[in-house]
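All remarks here apply to the structure that follows.
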Amino acid sequence: MVTEYESALEVAERLNRLTPGEFEKRTGLFSTGAEAVENAVKIARTWTGRDAIVVLGHAYHGRTLLTMTMTGKNVPYKEGFGPFAPEVYRVPSPYPYRWAGAATTETGIAEEAFEQLVDQITTQVGTANVAAIIVEPVQGEGGFIVLPEGYMTKVAQFAKENGIVFIADEIQAGLARTGDLFAVDHEGVVPDIVLTAKALAAGMPLSAVTGRAEIMDSVRAGGLGGTYAGNPVACAAAIAALDVIVDEDLPGRARHIEEVVMPRLKELQAECAAIGDVRGRGAMLAMEFVVPGTRTPDPDAAKKVAAHANARGVLTLTAGTYSNVIRLLPPLVISDDLLEDALDVLAEATRTLA
Ligand SMILES: *Cc1c(COP(=O)(O)O)cnc(C)c1O
């Protein structure tokens with residue numbers, strides 16, 4: 001952090017080039033995803049001179065004081081860890097499978113959720129007090145909820161009209177996972193700030209905040225940093241990882257994985273009444289478990305299937321606000337044989353519910 005070095009500059013230049021938007025950008029490098037979120041909030045507050053941060057239901061943004069406040073799920077992320085950070089406001093997530101409004105189509109749900117966002121911001125917070133709206137384009141820990149098409153476009157437009165910084169938390173969904181380099185690309189949304197981590201350095205601790213130059217430059221020199229921020233080893237890993245992601249067309253691989261996995265998940269859903277929903281995009285796919293014939297979450301079913309698969313060498317993670325979702329995050333470089341093998345194990349695991 002004392003002086004610039006080649007590998008950090010290289011990572012920053014690449015992210016400036018790869019992230020959506022044809023404008024001048026800056027990238028700040030940090031160590032964890034939560035740190036990237038925290039710093040994005042600091043930057044948005046400095047730029048706007050405002051305090052309020054708007055987040056979605058079912059959001060996950062990390063485990064530090066501010067980011068756990070921004071996270072939607074109480075147990076295990078928040079219980080006992082309060083009091084929480086002030087000036088964080090939550091609006092409903094357009095979660096298609098569990099949408100409580102009148103709409104039943106994706107477009108309708110996007111519209112209703114957007115109306116609620118506008119209503120809550122204008123009546124409860126005050127538009128002129130909002131520094132940033134931050135969304136995960138596909139909500140990760142919340143249960144692989146794909147924000148319905150049109151929602152982010154509307155939110156980004158609303159943010160723009162009101163001087164609010166629109167931040168995409170692409171820490172889980174970004175960098176090829178959903179079949180585009182960034183999940184916002186699917187809808188052609190251009191955020192003011194994009195956050196990356198996780199895949200960025202293929203598991204080495206590196207995160208990044210990439211955004212419009214004028215917004216990023218509003219923080220005075222020395223305002224952001226950290227002992228390990230952008231460490232050279234992690235930067236070297238990021239350069240190698242970004243080479244693979246781009247040169248080996250990993251977004252294309254993610255789309256291929258969806259083509260292989262989605263039909264198999266749909267088959268499983270047809271034969272297993274406990275699978276209420278299958279969803280996701282690219283190689284970010286999930287099954288939501290419910291009590292058959294209802295939408296009542298069944299976390300035990302998800303746990304049982306995950307345990308059965310894990311015992312047979314297929315590592316799955318449960319997720320979701322109700323802990324009833326099994327998420328699949330296969331390596332983007334997985335072979336088709338291994339993928340089919342894993343799906344067979346998963347099929348066998350879901351049959352144990354019958
Ligand atoms: C994992 C994650 C974070 C936090 O990243 P850490 O490196 O664990 O601090 C933030 N946002 C999203 C969407 C994540 O998936």
Side-chain angles (χ1 to χ4, degrees), residues 11 15 19 28-44 53-73 76-78 81 85 88 90 93 95 132-147 152 166-178 180-184 186 189 191 193-211 224 226-231 234-235 237-238 241 254 280-286 316-321 323 325-329 332:
V11 174
L15 285 172
T19 47
L29 298 176
F30 305 96
S31 304
T32 67
E35 250 186 301
V37 175
E38 294 254 355
N39 283 300
V41 169
K42 289 186 189 176
I43 294 162
I53 304 299
V54 174
V55 294
L56 299 189
H58 307 289
Y60 181 85
H61 295 295
R63 294 174 182 266
T64 59
L65 177 60
L66 177 60
T67 59
M68 79 169 163
T69 305
M70 295 164 70
T71 290
K73 186 175 175 177
Y77 304 124
K78 306 167 82 158
F81 299 151
V88 174
R90 195 175 307 285
S93 159
Y95 184 168
I133 302 173
I134 175 164
V135 305
E136 299 159 82
V138 179
Q139 296 189 295
E141 310 295 312
F144 282 22
I145 302 161
V146 183
L147 301 187
M152 276 189 297
F166 181 65
I167 303 171
D169 179 345
E170 293 256 4
I171 289 169
Q172 189 158 168
L175 294 168
R177 174 60 50 189
T178 63
D180 290 292
L181 199 49
F182 293 94
V184 288
H186 183 79
V189 172
I193 292 178
V194 172
L195 309 179
T196 49
K198 295 200 164 94
L200 176 59
M204 293 291 285
L206 189 73
S207 64
V209 180
T210 304
L224 309 174
T227 304
Y228 306 114
N231 83 75
C235 286
R281 193 188 294 149
M284 193 169 177
L285 302 166
T316 63
L317 275 172
T318 57
T321 298
S323 310
V325 174
I326 288 185
R327 54 175 152 168
L328 308 181
L329 289 158
L332 301 180

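Both ligands and their constituent atoms are indexed starting at 1 by order of listing. Numbers for residues simply follow the sequence, beginning at 1.
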Donor-acceptor contact below 3.5 Å, side chain Lys78 vs main chain Thr69: yes
Expected output: side-chain Glu35 to main-chain Ser207 donor-acceptor under 3.5 Å: no
Give every pair formed by an N or O atom of ligand 1 and a protein N or O atom closer than 3.5 Å, one pair per line with both atom names and the distance to 0.1 Å, or write none.
residue, atom, partner, partner atom, Å
ligand 1, 7 (O), Gly33, N, 2.8
ligand 1, 9 (O), Gly33, N, 3.4
ligand 1, 9 (O), Ala34, N, 2.8
ligand 1, 11 (N), Tyr60, O, 3.4
ligand 1, 11 (N), Asp169, OD1, 3.4
ligand 1, 11 (N), Asp169, OD2, 2.7
ligand 1, 15 (O), Gln172, NE2, 2.9
ligand 1, 15 (O), Lys198, NZ, 2.6

Atom of Asp169, atom of Pro137 and distance for their closest heavy-atom approach: O-CD, 3.5 Å
The single option from Asn39, Ile171, Thr210, Leu200 passing side chain to side chain contact (heavy atoms under 4.5 Å, CB included) against Leu195: Ile171
Residue list, salt bridge (Lys or Arg N to Asp or Glu O under 4.0 Å) with Glu141, at least two apart or on another chain: Arg327
Side chain Arg281, main chain Phe144, donor-acceptor under 3.5 Å: no
